[in-house]
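A quick write-up on the structure given underneath.
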Amino acid sequence: MATLKLGVLGSGSGSNMQSIVDAIEKGELDAEIKIVLADVKDAYILERAAKHNIPHQWIDCSPWKTRLDTTGEETAIRLLKEAGCDTVVLAGFMRIVKPRLLEAFPMRVLNIHPALLPAFPGVHSWTQALDYGCKVAGVTVHFVDAGTDSGPIIVQKCVPVLEDDTPETLHARIQVQEHLAFPEALKLLSEGRLRVEGRRVHIS
Ligand code: GAR
């Protein structure tokens with residue numbers, strides 16, 4: 001199958017992007033990261049990209065909004081297209097993307113969310129799981145649709161919630177699984193093994 005040409009959008013540390021870079025470098029994932037975009041100027045994900053000689057750029061978005069605004073979206077689409085991306089990876093991108101970007105990359109936008117969706121969409125999902133009294137928590141990689149954390153699910157992994165967990169210890173345990181889940185989902189996509197039928201993603 002064809003090498004994935006990835007565009008990564010992030011807002012924070014970029015540890016998920018790092019797990020994708022590592023999988024590519026180890027020869028476990030047939031993909032190339034063409035560009036990394038961040039909506040936060042000093043996000044560490046941009047530094048990680050620089051260390052791996054991956055083109056990277058800050059995109060100027062309205063700071064108070066939780067959605068990608070129109071200017072930010074148009075810039076992102078242009079940069080992703082110019083870089084030759086065929087797949088967009090939301091790796092800790094803390095804004096909801098709008099339909100224009102989804103239309104530009106139909107069924108080729110993937111998100112990672114630190115919860116077992118459909119439980120706990122939105123922010124600080126690990127704290128929500130802890131406060132709710134869940135005994136298991138986890139991570140979901142899914143195709144992005146017009147809703148919030150609501151698209152068809154590709155991979156899920158779970159972790160136990162321990163008696164003495166804090167939000168930080170639970171998030172750290174979830175992140176270990178995140179770093180396996182995202183490369184795994186992308187590998188399935190690169191091998192052409194995903195078929196979406198309604199809400200269900202069939203894996204061959
Ligand atoms: C990850 O835990 C990811 O699941 C979460 O942000 C963190 C980013 O970490 N994403 C969301 O909450 C999206 N709704 P990273 O920058 O180290 O990859």
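Atoms within a ligand are numbered from 1 in the order they appear, just like the ligands themselves.
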Practice problem: Supply the members, apart from L162, of the Ile/Leu/Val/Met/Phe/Trp/Tyr cluster built from side-chain contacts under 4.5 Å; use none for a lone residue. | Solution: none
Quiz item: Measuring from the heavy atoms of I112, does anything fall under 4.0 Å of ligand 1?
Solution: yes
Exercise. Note the single closest protein heavy atom to atom 12 (O) of ligand 1, along with its residue, its atom name and the distance in Å.
Key: P114 CD, 3.4 Å
Quiz prompt | Atoms of ligand 1 close to S15 [distance to a heavy atom under 4.0 angstrom, numbered from 1] | solution = 15 (P), 16 (O), 17 (O), 18 (O)
Quiz prompt | ligand 1 contact by G14, heavy-atom criterion under 4.0 angstrom | solution = yes
Exercise. Quick one: look up the protein heavy atom nearest atom 7 (C) of ligand 1 and list residue, atom name and how far away it is.
Key: Q175 NE2, 4.1 Å
Quiz item: With respect to F143, which candidate in V109, I153, V201, N111 satisfies the side-chain contact (heavy atoms from CB on, under 4.5 Å) definition?
Solution: V201
Quiz item: For ligand 1, which atoms sit closer than 4.0 Å to a heavy atom of S13?
Solution: 16 (O), 17 (O)
Exercise. Determine whether any heavy atom of H171 lies closer than 4.0 Å to an atom of ligand 1.
Key: yes
Practice problem: Mark the output for M17 as yes if a heavy-atom distance to ligand 1 is under 4.0 Å, and as no if none is. | Solution: no
Exercise. Can you pull out the closest protein heavy atom to atom 3 (C) of ligand 1? Residue, atom name and distance to 0.1 Å, please.
Key: E178 OE1, 3.6 Å
Self-check item: Nearest-neighbour protein heavy atom for atom 8 (C) of ligand 1, which is reported as residue plus atom name and distance
Solution: G92 CA, 3.6 Å
Quiz item: Which heavy atom of the protein is the closest neighbour of atom 14 (N) of ligand 1, given with residue, atom name and distance?
Solution: H113 ND1, 3.3 Å
Self-check item: Test item: side-chain donor near acceptor, E47 and H56, under 3.5 Å
Solution: no
Quiz item: With sequence neighbours excluded, what pairs up with E32 under the side-chain hydrogen bond (donor to acceptor under 3.5 Å, both in side chains) test?
Solution: K34
